[in-house]
Amino acid sequence: MTKHITGVTLPLLALTLGLGSAHAAAPSTLQKGVLKIGMEGTYAPFTYKDASGNLTGFDVDIARAVAAKLGLKAEFVLTEWSGILAGLQANKYDVIVNQVGITAERQKTIGFSRPYAYSSPQIIVKKTGSFTPKTLADLKGKRVGVGLGSNFEKQLRDAGGINVVTYPGAPEYLADLAAGRLDAAFNDRLLVGYLIKSQNLPVRGAGVIGDPESVGIAMKKTNTSLKAAVDKALLQLKADGTYAKISRKWFGQDVSKP
């Protein structure tokens with residue numbers, strides 16, 4: 001699968017001491033001293049460009065922090081989601097940091113770091129109201145806002161008995177929810193946390209639906225030295241408080257736990 005990393009391992013000393021001194025024991029990458037990172041650059045709040053055109057987002061901050069722990073320069077390669085996994089296999093970048101869910105199917109051909117985030121669909125309600133639905137069954141007969149054509153819309157319709165009101169995006173239906181034109185809304189827990197925090201909307205998260213999906217840093221399955229290094233870097237980011245700082249910055253909560 002790859003031509004340059006087979007059989008490469010980190011020195012025993014680096015594994016013993018951790019990656020704080022990774023400058024002297026950097027893992028194998030496509031370009032020496034550089035960690036090439038694939039991401040979309042169009043998926044707020046995870047990876048997108050701000051008003052000044054600068055790449056930013058939760059995944060961008062995580063990727064930069066991991067690269068720093070490895071003693072490598074972070075270099076971002078932007079690509080559409082439709083081809084992002086193929087780009088990894090084609091050696092266009094070393095890793096993908098773009099909310100890639102760790103699934104059994106993907107693990108057949110792709111390597112993953114330890115999970116660095118978890119998310120699930122979540123019901124959202126008005127902050128000052130007394131309605132606190134815990135399951136989709138609690139939404140029967142209620143007006144619930146959701147993104148048109150999304151998996152969340154399908155879940156609501158499959159549940160049956162819910163008055164599903166579709167919108168082009170989350171900001172629109174969260175605004176209607178805050179104004180009292182909806183009883184609830186439905187979206188991804190991480191996105192909800194970000195929008196509530198960034199827009200200061202008078203809404204709150206209610207029931208979390210389904211099992212959490214773990215998100216990991218994707219890489220070539222054969223690059224075991226890089227996986228070991230990235231896993232250790234993620235543990236260090238948790239231990240020194242960097243991860244918590246990044247997570248609170250974007251979502252106002254710790255998203256490293258299911």
Side-chain angles (χ1 to χ4, degrees), residues 1-2 27 29-31 34-50 53-70 72-121 147 150-152 169-170 187-195 198 212-223 226-227 229-231 233-234 237-238 242-243 246-247 249-251 253-256 258:
M1 295 171 66
T2 184
T29 55
L30 293 168
Q31 182 180 337
V34 175
L35 184 67
K36 291 190 176 184
I37 304 155
M39 56 177 51
E40 290 176 272
T42 57
Y43 185 34
F46 305 105
T47 159
Y48 68 103
K49 291 185 178 180
D50 62 18
N54 299 313
L55 189 64
T56 188
F58 171 72
D59 282 346
V60 176
D61 285 353
I62 291 294
R64 286 190 172 126
V66 167
K69 288 293 185 188
L70 300 180
L72 299 172
K73 176 185 177 182
E75 181 180 301
F76 296 98
V77 181
L78 303 187
T79 186
E80 292 184 0
W81 173 258
S82 60
I84 201 166
L85 296 178
L88 177 67
Q89 303 292 24
N91 290 329
K92 292 184 178 179
Y93 24 82
D94 299 295
V95 297
I96 302 171
V97 188
N98 200 100
Q99 292 298 292
V100 185
I102 303 173
T103 66
E105 185 63 28
R106 286 174 179 159
Q107 285 179 305
K108 292 177 182 177
T109 56
I110 296 169
F112 281 96
S113 70
R114 61 185 298 112
Y116 71 91
Y118 290 84
S119 190
S120 301
S150 65
N151 290 336
F152 306 113
N187 204 311
D188 179 89
R189 179 173 69 90
L190 296 190
L191 181 61
V192 170
Y194 166 73
L195 290 174
S198 64
E213 181 184 62
S214 59
V215 171
I217 295 175
M219 64 199 77
K220 295 293 279 290
K221 199 174 180 70
T222 49
N223 198 342
L226 184 57
K227 172 178 168 52
V230 169
D231 281 346
L234 288 171
L237 294 176
K238 288 274 291 180
T242 301
Y243 182 94
I246 293 172
S247 185
K249 169 186 172 182
W250 290 103
F251 307 113
Q253 60 182 300
D254 184 353
V255 300
S256 69

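Hydrogens, waters and symmetry mates are skipped; everything else that's a heavy atom, side chains included, is used.
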- Minimum side-chain heavy-atom gap N91-K220 below 4.5 Å: yes
- Would a 4.5 Å heavy-atom cut-off, applied to side chains only, mark F46 and V97 as touching? no
- Query: So do the side chains of P115 and I102 get within less than 4.5 Å of each other, counting heavy atoms only?
  - Reply: yes
- Do side-chain atoms of R106 reach the backbone of G101 as a donor and acceptor pair under 3.5 angstrom? yes
- Note on the structure: Nearest heavy-atom approach of L55 to G41 is CD1-CA, 4.0 Å
- Query: Are the side chain of K221 and the backbone of Q107 linked by a donor-acceptor contact shorter than 3.5 Å?
  - Reply: yes
- Item | Value rounded to 0.5 Å, distance of NZ in K227 from OG in S113 | 6.5 Å
- Task: Taking Y93 for its side chain and I84 for its backbone only, find out whether a donor-acceptor pair lies under 3.5 Å.
- Result: yes
- Provide the closest heavy-atom pair for T242 versus A65 in the form atom of the first, atom of the second, distance. CG2-CB, 4.3 Å
- Message: For Y194 and W250, take the angle between the two ring planes, folded into 0 to 90°, and tell me which bin it lands in: parallel under 30, tilted 30 to 60, perpendicular over 60.
- Response: tilted
- Message: Is a donor from one side chain sitting under 3.5 angstrom from an acceptor on the other, for D94 and T29?
- Response: no
- Would you please say whether a donor-acceptor pair under 3.5 Å links the side chains of T79 and K92? no
- Query: Rounded to the nearest 0.5 Å, how far does CD of E105 lie from CD1 of I110?
  - Reply: 10.0 Å
- Task: With the side chain counted from C-beta on, respond yes when I217 and I37 share a heavy-atom pair under 4.5 Å apart, and no when they do not.
- Result: no
- Query: Counting only N and O atoms by type, is there a donor-acceptor contact under 3.5 Å from the side chain of E75 to the main-chain atoms of Q31?
  - Reply: no
- E40 backbone acceptor or donor facing N98 side chain under 3.5 Å: yes
- Check whether any side-chain heavy atom of Y116 sits under 4.5 Å from a side-chain heavy atom of Q99, and report yes or no. yes
- Task: Just say parallel, tilted or perpendicular for the rings of F58 and Y243, cut-offs at 30° and 60°.
- Result: perpendicular
- Query: Are K238 and R114 close enough that some pair of their side-chain heavy atoms sits under 4.5 Å apart?
  - Reply: no
- Item | Residues in salt bridge (charged side-chain N to carboxylate O under 4.0 Å, His left out) contact with K73, at least two apart in sequence or another chain | none
- Query: So, S256 and D254: side-chain donor and acceptor under 3.5 Å apart, yes or no?
  - Reply: yes
- Query: Taking T47 for the side chain and V60 for the main chain, is one N or O donor matched with an acceptor at less than 3.5 Å?
  - Reply: no
- Heavy-atom pair with the smallest gap, counting every atom of P27 and L70: CG-CD1, 4.4 Å
